[in-house]
> 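Below are the structure tokens for one structure; questions will follow.
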2 protein chains.
Amino acid sequence: MEDFLSVLSRYALFQGVAPEEIQAILPCLGSKTRSVSKGGPVFLEGEPARWVGVLLTGMAQVVQDDYYGNRSVLAILQPGDTFGEAFSCAGIATMPVSVMALTDCEILLLDCSRVMTTCSHSCHFHTQLIQNLLKGMALKNLAFTEKIRHMSKKTTREKLLSYLLQQAKKRGAAAFTIPYDRQGLADYLGVERSAMSAELSKLKKAGLLDTKGSWFCLKDTRRDD
Amino acid sequence: MEDFLSVLSRYALFQGVAPEEIQAILPCLGSKTRSVSKGGPVFLEGEPARWVGVLLTGMAQVVQDDYYGNRSVLAILQPGDTFGEAFSCAGIATMPVSVMALTDCEILLLDCSRVMTTCSHSCHFHTQLIQNLLKGMALKNLAFTEKIRHMSKKTTREKLLSYLLQQAKKRGAAAFTIPYDRQGLADYLGVERSAMSAELSKLKKAGLLDTKGSWFCLKDTRRDD
DNA sequence: AAGTGTATGTTGTAATTCCAACAGAAAGGT
DNA sequence: ACCTTTCTGTTGGAATTACAACATACACTT
């Protein structure tokens with residue numbers, strides 16, 4: 001249990017809160033842990049959206065079924081990831097998605113309304129927690145905005161350049177590495193891997209960039225296409 | 001000035017806070033108003049990301065320039081819209097975007113760190129404000145997630161059906177109206193208007209749906225394509 | 001060093017989308 | 001009613017992507 005708290009303190013939602021402090025505030029938050037075995041549901045669509053979840057161990061996925069029952073995967077969750085907070089904080093009544101365990105999982109659940117509202121004796125660390133929650137959602141927001149910007153481009157080439165130019169700008173350098181392999185980058189940009197590989201080759205031959213594996217280097221030729 | 005406060009109380013960020021109460025807490029938040037004339041900058045990329053902005057009057061747009069200086073429009077802002085909060089709450093140092101006035105604008109600026117942190121004498125309405133901020137970001141998050149889900153589909157038809165089926169599901173009815181005209185829907189889904197119109201015609205002829213203007217009705221034929 | 005499996009690049013064809021152009025329908029103003 | 005403007009649906013050819021299939025490169029095991 002002691003170990004559990006020190007692990008928690010490294011996760012984004014509890015950043016800046018020491019293990020002892022976490023132990024002190026968990027009761028304020030209506031916390032409970034739950035174990036879900038592989039393939040089982042963490043949340044089911046239609047359940048009340050009250051919880052902020054933190055995946056402690058294992059892997060899980062967020063899925064949604066459409067009108068006809070076709071299922072699609074919205075996110076893959078890893079230990080330390082926070083999930084469900086957007087639904088609970090948005091004030092919608094029921095979960096529009098399900099969360100399913102891909103492996104045996106341990107989950108920490110917090111009552112979202114208690115996380116959002118400073119408790120009566122206004123513990124100092126609660127403020128930190130709310131700021132972490134805000135920060136987490138803000139970061140997800142930024143990530144979504146970026147992804148949408150890239151995906152909105154018409155062609156594979158434009159999507160690639162949009163992403164790569166932004167990476168270069170973010171690092172302030174023409175050379176950088178990315179956190180994806182080819183398939184991962186294609187999935188992120190919503191394009192086909194082989195078409196993307198072909199496009200990268202063309203860009204290489206045109207002298208616009210160089211790449212090997214996850215390393216890229218943009219040549220600054222000021223072309224606009 | 002009195003009118004200004006009652007208008008504010010109708011905006012999302014101040015929902016549930018009465019005009020008098022807004023007047024009381026504005027000083028806690030380091031608030032200031034600013035007028036920007038048409039075409040001028042509200043924020044410029046690279047400025048410190050400290051502010052939560054609320055557009056009071058006029059129209060503005062959020063823009064971003066890439067590595068080569070190509071500009072793209074990320075959002076159009078209307079009165080009542082909150083902007084900049086994701087950058088400030090995420091804890092990044094400088095704004096990655098600029099906000100430009102499309103018409104003469106009046107803007108309310110709040111110091112984000114003061115909004116996020118309950119002030120020393122812990123005014124009650126501050127809690128409401130933080131919850132509104134959380135709720136606003138959560139709602140943006142949900143909207144982004146939905147948009148990405150639709151845009152991730154490969155073909156125009158799949159994007160259309162993804163969106164329409166979700167709308168049907170959300171209303172719990174096969175017939176509904178949408179908040180877009182054809183061009184707006186095409187922009188939202190990231191497809192071409194004329195191709196989308198053609199696809200809608202095909203779906204009509206196939207008996208899968210009926211539509212007139214912003215009204216749609218899905219025929220429940222359980223096809224998976 | 002050989003063998004295995006995965007990741008990546010290449011190619012050709014079918015399918016889809018983009019783009020421009022246009023015609024009819026709908027909406028708004030005088 | 002008339003004109004004007006905007007919105008919508010339709011079409012055809014050019015450009016792009018999807019898909020499948022395969023060759024090569026690379027990492028990891030034995």
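Residue numbering restarts at 1 for every chain, and letters A, B, ... go by the order of the sequence lines.
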> Give the nucleotide from the list D:dT11, C:dT16, C:dA7 with an atom nearest to the side chain of B:T155.
C:dT16
> Considering only C:dT11, D:dT8, C:dG9, which nucleotide approaches the side chain of A:A198 most closely?
C:dT11
> Is the backbone N or O of B:Q15 less than 3.5 Å from a side-chain atom of B:R10, with the two atoms forming a donor-acceptor pair by type?
no
> Under the 3.5 angstrom rule, does the side chain of A:K204 hit a backbone N or O of A:T211 as a donor-acceptor pair?
yes
> Between D:dT8, C:dT8, C:dT17, which nucleotide gets closest to the side-chain atoms of B:E199?
C:dT17
> From the list D:dG9, C:dC19, C:dG9, which nucleotide is the closest neighbour of the side chain of B:E192?
C:dC19
> What contact category does B:S197 fall into here, base, sugar-phosphate, or nothing, at under 4.0 angstrom with non-hydrogen atoms?
base
> Under 4.0 Å: is that the gap between some side-chain N or O of A:R193 and OP1 or OP2 of C:dA7?
no
> Give the minimum heavy-atom separation between B:S214 and B:Y180, together with the two atoms involved.
CB-O, 3.9 Å
> Pick base, sugar-phosphate or nothing for A:T156, based on heavy-atom distances below 4.0 Å to the nucleic acid.
sugar-phosphate
> Nearest-Å distance, NZ (B:K202) to C1' (D:dT10)?
12 Å
> Using rotation axes that map the C1' atoms of four end pairs onto the next four (five pairs an end), what angle separates the end axes of the helix from C:dA1-D:dT30 to C:dT30-D:dA1, to 10°?
50°
> Using whole Å, report how far CG of A:D181 lies from C1' of C:dG9.
14 Å
> Just N and O in the side chain of A:K212: are any of them under 4.0 Å from OP1 or OP2 of D:dA25?
no
> To the nearest Å, how far apart are A:I178 CD1 and C:dT8 C1'?
13 Å
> With sequence neighbours excluded, what pairs up with B:F176 under the ring pair (Phe, Tyr, Trp, His ring centres under 6.0 Å) test?
none
> Would you say NZ of B:K135 has more than 12 non-hydrogen atoms from neighbouring residues, nucleotides or ligands within 6.0 angstrom?
no
> Taking CG from B:D210 and P from D:dG9, how many angstroms apart are they, rounded to a whole number?
11 Å
> In whole Å, what is the span from the CE atom of A:M196 to the P atom of D:dA18?
12 Å
> A:D187 CG to C:dT8 P: how many Å, rounded?
11 Å
> For the backbone of A:P96 and the side chain of A:Q64, can you confirm whether one donor and one acceptor N or O come within less than 3.5 Å of each other?
yes
> Return the 5'-most residue of the pair B:L200, A:K154 with respect to DNA chain D, ranking by each residue's nearest nucleotide.
B:L200
> My understanding is that only one of A:E146, A:M151, A:K159 makes a side-chain contact (heavy atoms from CB on, under 4.5 Å) with A:Y188; could you say which?
A:E146
> Tell me: OH of B:Y180 to P of D:dT8, nearest whole Å?
14 Å
> Could you state the atom-to-atom distance from CD of B:E158 to C1' of C:dA15 in whole Å?
13 Å
